[in-house]
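The residues of the chain are indexed from 1 along the displayed sequence. Note that the coordinates shown come from a computational prediction; the quantities given were computed from them, not determined experimentally.
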Amino acid sequence: MSLPHAILTALVEKPSSGLELTRRFDRSIGYFWSATHQQIYRELGRLETQGLIRALPDQQPARGQKKSYEVLPAGRAELSRWTAAPQDPKPLRDTMLLRLRAAAVVGTAGVEADLRRHLELHERQLSEYEEIERRDFPPGRDSAEDRLRHLVLRAGIDLETFWTQWLGHALAEFAELPGDEPA
């Protein structure tokens with residue numbers, strides 16, 4: 001149920017076309033809630049059918065012109081309802097953790113190299129988030145909107161920090177494991 005709410009959030013922030021939404025997902029929301037181009041367009045159709053958004057009137061209608069959408073009062077009310085509703089945290093599901101559990105019984109071949117690759121990927125993501133923080137949240141940007149957006153970014157920074165530290169520990173542990181034998 002969260003994709004429609006992610007789209008409503010993005011459209012409340014700024015009316016956009018499907019293509020613009022896709023780009024915005026790639027640059028911001030997609031860091032914590034991903035969606036494909038097709039999923040976004042399909043959801044825009046549903047939201048419009050439900051009366052939560054509408055296509056903005058075209059200045060000069062033309063065939064093939066992109067539609068921009070805005071949130072209607074019913075869409076804003078739905079987003080407010082969803083935001084206020086309690087939701088339980090989701091359990092962690094990570095294939096690397098499952099693979100480590102399996103490696104304990106079948107051997108560790110290939111796992112250490114992938115741990116190093118994961119560490120590299122998480123270090124890159126952490127670096128990107130820290131750059132966004134430096135660029136977009138300089139001291140003094142303390143409106144409620146900025147503070148909440150920064151809080152979301154901090155979650156990403158803290159999560160990537162966790163993964164880089166944990167992967168460092170895992171690689172140190174691997175360095176002390178005897179050979180490629182099951183535990």
So, [X] and [Y], do they make that salt bridge, N to O below 4.0 Å?
X: Glu20; Y: Arg23; result: no
X: Glu112; Y: Arg116; result: yes
X: Glu78; Y: Arg81; result: yes

Below 4.5 Å, heavy atoms only, C-beta onward: do [X] and [Y] meet side chain to side chain?
X: Tyr41; Y: Leu19; result: yes
X: Leu11; Y: Glu70; result: no
X: Leu148; Y: Val152; result: no
X: Ile157; Y: Leu126; result: yes
X: Leu171; Y: Leu119; result: yes
X: Leu97; Y: Leu92; result: yes

Checking [X] now: which residues fulfil side chain to side chain donor-acceptor pair (under 3.5 Å) with it, not counting sequence neighbours?
X: Tyr31; result: Glu128
X: Arg27; result: none
X: Asp158; result: Arg154

Roughly how far apart are [X] [atom1] and [Y] [atom2], rounded to 0.5 Å?
X: Thr22; Y: His37; atom1: OG1; atom2: NE2; result: 5.0 Å
X: Leu79; Y: Trp82; atom1: CG; atom2: CH2; result: 7.0 Å
X: Asp26; Y: Ser34; atom1: CG; atom2: OG; result: 9.5 Å
X: Ser127; Y: Ile132; atom1: OG; atom2: CD1; result: 10.0 Å
X: Ile40; Y: Leu44; atom1: CD1; atom2: CG; result: 7.5 Å
X: Ile53; Y: Arg76; atom1: CD1; atom2: CZ; result: 14.0 Å

Does Leu56 belong to the same Ile/Leu/Val/Met/Phe/Trp/Tyr cluster as Val12, with side-chain heavy atoms less than 4.5 Å apart forming each link?
no
Are Leu159 and Leu121 connected, step by step, through hydrophobic side chains (Ile, Leu, Val, Met, Phe, Trp, Tyr) whose heavy atoms are closer than 4.5 Å?
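Per the 4.5 Å side-chain linkage, Leu159 and Leu121 are not co-clustered.
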Distance-minimising heavy-atom pair for Ala55 and Glu48
N-OE2, 3.5 Å
State, to 0.1 Å, how close Ser17 and Ser68 come at their nearest heavy-atom pair, and which atoms those are.
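Nearest heavy atoms, Ser17 then Ser68: N-OG, 3.7 Å.
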Ignoring hydrogens and angles, tell me if any N or O in the side chain of [X] forms a donor-acceptor pair with the backbone of [Y] under 3.5 Å.
X: Tyr69; Y: Leu8; answer: no
X: Arg24; Y: Lys14; answer: yes
X: Arg141; Y: Asp136; answer: yes

For Arg149, what residues pass the salt bridge (Lys or Arg N to Asp or Glu O under 4.0 Å) criterion, not counting sequence neighbours?
Glu13, Glu145
If you draw a 6.0 Å radius around CZ in Arg135, do more than 12 non-hydrogen atoms from other residues or ligands fall strictly inside?
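Yes, CZ of Arg135 has more than 12 neighbouring heavy atoms, counting only those of other groups under 6.0 Å.
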Contacts under 3.5 angstrom, residues 163-170 side chains, donor-acceptor by atom type, not counting sequence neighbours:
unit_1, atom_1, unit_2, atom_2, d
Thr164, OG1, Glu160, O, 3.2
Thr164, OG1, Thr161, O, 2.9

Of all pairs that satisfy side-chain hydrogen bond (donor to acceptor under 3.5 Å, both in side chains), the ones with a partner from residues 87-100, not counting sequence neighbours
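As it turns out, the side-chain hydrogen bond (donor to acceptor under 3.5 Å, both in side chains) pairs with a partner in residues 87-100, which skip direct neighbours, are Arg99-Asp114.
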Does the pair Arg46 and Glu43 meet the rule for a salt bridge (Lys or Arg N to Asp or Glu O under 4.0 Å), with working shown?
CA-CA 5 Å; Arg46 284 189 196 121; Glu43 201 56 53; 3.0 Å; yes
Have a look at Ile7 and tell me which of Val71, Leu21, Ile29 forms a side chain to side chain contact (heavy atoms under 4.5 Å, CB included) with it.
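The option that passes is Leu21.
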